[in-house]
Amino acid sequence: MTVAQQSQTALVLGASGGLGQAIVAKFLTDPSIERVIAVSRNCQTDDLSAAWISNSRLIWIQVEGDYSEDSMTKAVADLVPFTGTISRVCICHGLLHADDIWPEKRCEDINEASMHAVFQANTVVPALWLKLLLGVLVGQQPCVVAALSARVGSIEDNRMGGWYAYRTSKAALNMMLKTFAIEYARRVKNVKLISFHPGTTDTDLSKPFQASVPKEQLFATAFVADRLAGIMDEAEMDGQLAFIDWDGKQVNW
Ligand SMILES: NC(=O)c1ccc[n+]([C@@H]2O[C@H](COP(=O)([O-])OP(=O)(O)OC[C@H]3O[C@@H](n4cnc5c(N)ncnc54)[C@H](OP(=O)(O)O)[C@@H]3O)[C@@H](O)[C@H]2O)c1
């Protein structure tokens with residue numbers, strides 16, 4: 001079987017969040033994708049009641065604990081049989097708030113433990129995936145990898161201040177992706193990396209901050225998943241990192 005004839009696999013990492021679920025559902029509607037592999041801390045039967053959860057093209061991999069490098073390495077071992085077939089990867093991890101974490105309004109709100117937790121989810125976990133996946137992505141199969149970033153990680157765009165941990169973890173994610181793009185261009189030439197800003201989207205992550213967002217600027221997850229899938233379909237395999245938003249427009253670094 002030639003590579004062109006091989007079945008294609010889409011991989012969604014951090015799949016049980018609002019955008020993760022919508023992206024899984026979107027890929028399952030694409031006939032060119034033979035299987036969708038969703039990776040999450042959550043067992044698929046925990047909270048997910050969507051009809052697509054029983055789709056026979058969906059493979060669910062549960063990562064133990066909070067994405068330790070060991071548990072991620074075990075998940076990647078399960079992906080080895082799909083080496084050379086992966087054409088889409090979405091890295092959907094993100095943390096803005098939790099029971100004991102809240103975005104900082106002023107510098108006195110900076111908290112050591114919160115900052116570590118936010119950086120772990122937003123920067124460290126995506127970097128570990130890109131390290132661990134290198135061996136299963138390398139080959140002839142063109143593959144587009146999108147990491148969900150945020151416009152607030154743009155240094156040029158920062159006019160409001162605040163949200164220290166979230167902003168800086170996304171800026172660090174962007175630099176991490178840029179550095180990976182340089183190494184991947186040498187070692188994994190079949191991969192294109194995208195840093196993607198979804199826009200304000202109706203998920204648990206944005207819920208506490210939606211009141212100030214005009215209705216037309218608050219997107220449904222299915223709309224954003226549609227946009228992202230289209231952007232990935234049209235991505236130029238140029239070995240460069242693109243920082244783009246839901247509308248396909250470039251975001252300033
Ligand atoms: N919603 C928005 O308005 C908005 C705007 C800009 C950017 N974004 C970005 O879009 C991405 C998806 O966000 P969402 O809105 O879908 O949020 P969400 O519903 O809260 O989902 C968050 C995702 O992050 C993962 N996650 C949560 N805590 C984690 C931790 N401690 N360590 C590792 N992973 C963790 C979860 O994976 P499991 O499946 O393992 O639970 C989950 O899939 C994030 O990167 C976010 O920053 C969202």
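Basis for what follows: all heavy atoms, side chains included, without hydrogens, waters or symmetry-related copies.
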**Study point:** Least distance between heavy atoms, Ala172 atom then Phe119 atom
**Key:** CB-CE2, 4.0 Å
Review point. Measuring from Arg57:CZ to Ile37:CD1, what's the distance to the nearest 0.5 Å?
Key: 12.5 Å
Review point. Would you say Trp163 and Leu96 make side-chain contact, with heavy atoms under 4.5 Å?
Key: yes
Exercise for review: Only pairs at least two apart or in different chains count here, so list each salt bridge (Lys or Arg N to Asp or Glu O under 4.0 Å) that has a residue in residues 207-232.
Suggested key: Lys26-Asp226, Asp202-Lys207, Arg227-Asp247
**Study point:** Inter- and intrachain pairs under salt bridge (Lys or Arg N to Asp or Glu O under 4.0 Å), touching residues 151-170, at least two apart
**Key:** Arg151-Asp245, Asp157-Arg159
Review point. Is there a donor-acceptor pair under 3.5 Å between the side chain of His97 and the backbone N or O of Leu205?
Key: yes
Practice item. For the residue pair Leu79 and Ile61, establish whether any side-chain heavy-atom pair is separated by less than 4.5 Å. Key: yes
Review point. Which heavy-atom pair separates Asn190 from Gln141 by the least distance, and what is that distance?
Key: ND2-O, 2.9 Å
Exercise for review: Spell out, yes or no, whether Val36 and Val136 are grouped together once hydrophobic residues are joined by side-chain heavy atoms under 4.5 Å, including indirect joins.
Suggested key: no
Check your understanding: Should Cys92 and Val12 count as side-chain neighbours, where that means a heavy-atom distance under 4.5 Å?
Key -> yes
Practice item. Hey, could you give me the CD1/CG distance between Ile91 and Leu13, rounded to the nearest 0.5 Å? Key: 6.0 Å
Review point. Should Asp100 and Ser114 count as side-chain neighbours, where that means a heavy-atom distance under 4.5 Å?
Key: no
Check your understanding: So do Leu133 and Val145 actually touch side chain to side chain, heavy atoms under 4.5 Å?
Key -> no
Review point. Which pairs with one or both residues in residues 128-147 pass salt bridge (Lys or Arg N to Asp or Glu O under 4.0 Å), sequence neighbours excluded?
Key: Glu69-Lys131
Review point. Under the 3.5 angstrom rule, does the side chain of Ser32 hit a backbone N or O of Asp30 as a donor-acceptor pair?
Key: no
Exercise for review: Assess the side chains of Ser154 and Asn252: does a donor N or O sit below 3.5 Å from an acceptor N or O?
Suggested key: no
Check your understanding: Are more than 12 heavy atoms from other residues, nucleotides or ligands located less than 6.0 Å from atom CD of Gln250?
Key -> no
Practice item. Identify, with sequence neighbours excluded, every residue that meets side-chain hydrogen bond (donor to acceptor under 3.5 Å, both in side chains) alongside Arg186. Key: none
**Study point:** Any donor-acceptor N or O pair under 3.5 Å, side chains Thr85, Thr9
**Key:** yes
Point to revise | Polar side-chain atom of Asn158 near backbone of Ile155 as donor-acceptor pair, under 3.5 Å | key: no
Exercise for review: Check whether any side-chain N or O of Arg88 sits under 3.5 Å from a backbone N or O of Ala229 as a donor-acceptor pair, and report yes or no.
Suggested key: no
Exercise for review: Determine whether more than 12 heavy atoms belonging to other residues, nucleotides or ligands lie under 6.0 Å from atom CD of Glu64.
Suggested key: no
Exercise for review: Nearest 0.5 Å please: distance from the CD1 atom of Ile33 over to the CG atom of Leu11.
Suggested key: 11.0 Å
Review point. Above 12 or not: heavy atoms from other molecules or residues under 6.0 Å from CE of Met175?
Key: no
Practice item. Looking only at non-hydrogen atoms, find the nearest pair between Ala171 and Gly153 and report the distance. Key: CB-O, 3.3 Å
Study note, to complete from the structure: Here the pair of heavy atoms bringing Val80 nearest to Thr83 is O-OG1, 2.6 Å
Practice item. Linking directly or through intermediates, with side-chain heavy atoms under 4.5 Å: list the remaining ILVMFWY members grouped with Val213, chain and number order. Key: Leu218
Exercise for review: Give a yes or no answer on whether the side chain of Glu104 reaches the backbone of Asp109 with a donor-acceptor pair at less than 3.5 Å.
Suggested key: no
Point to revise | Interatomic distance, Thr201 atom OG1 to Trp246 atom CH2 [nearest 0.5 angstrom] | key: 10.0 Å
Enumerate donor-acceptor pairs with a distance under 3.5 Å from any side-chain N or O in residues 121-130 to protein atoms, sequence neighbours excluded.
{"residue": "Asn122", "atom": "OD1", "partner": "Leu95", "partner atom": "N", "Å": "2.7"}
{"residue": "Asn122", "atom": "ND2", "partner": "Leu95", "partner atom": "O", "Å": "3.1"}
{"residue": "Asn122", "atom": "ND2", "partner": "Ser169", "partner atom": "OG", "Å": "3.0"}
{"residue": "Thr123", "atom": "OG1", "partner": "Ser169", "partner atom": "O", "Å": "2.8"}
{"residue": "Trp129", "atom": "NE1", "partner": "His93", "partner atom": "NE2", "Å": "2.9"}

Point to revise | Heavy-atom check, side chain of Met237 versus side chain of Val144, under 4.5 Å | key: yes
Check your understanding: Parallel, tilted or perpendicular: which describes the rings of Phe219 and Phe223, with under 30° parallel and over 60° perpendicular?
Key -> tilted
Revision key, fill the gap. Distance col, row Ile23:CD1 vs Leu148:CG, nearest 0.5 angstrom, shows 5.0 Å
Review point. Taking Trp60 for the side chain and Ser40 for the main chain, is one N or O donor matched with an acceptor at less than 3.5 Å?
Key: no
Review point. Less than 4.5 Å apart, any side-chain heavy atom of Asn111 and any of Trp102?
Key: no
Exercise for review: Report yes or no: do Leu177 and Met232 belong to one cluster of Ile/Leu/Val/Met/Phe/Trp/Tyr joined by side chain heavy-atom distances under 4.5 Å?
Suggested key: no
Study note, to complete from the structure: All heavy atoms of Ser149 vs all of Pro198, minimum pair found to be O-CD, 3.7 Å
Practice item. Find out if a path of hydrophobic residues (ILVMFWY) with successive side-chain heavy-atom gaps under 4.5 Å connects Val76 to Val89. Key: yes
Review point. Any donor and acceptor pair, going by atom type alone, linking the side chain of Ser71 with main-chain N or O of Val63 inside 3.5 Å?
Key: no
**Study point:** 4.5 Å side-chain heavy-atom contact, Thr221 and Gln21
**Key:** no
Check your understanding: Can you tell me how far OH of Tyr164 sits from CE of Met115, rounded to the nearest 0.5 angstrom?
Key -> 9.0 Å
Review point. Any chain of hydrophobic side-chain contacts (each under 4.5 Å) joining Val152 to Phe243?
Key: no
Review point. Does Leu241 belong to the same Ile/Leu/Val/Met/Phe/Trp/Tyr cluster as Phe196, with side-chain heavy atoms less than 4.5 Å apart forming each link?
Key: no
Review point. Looking at Gly65 and Arg41, what are the two nearest heavy atoms and their distance?
Key: O-CG, 3.2 Å
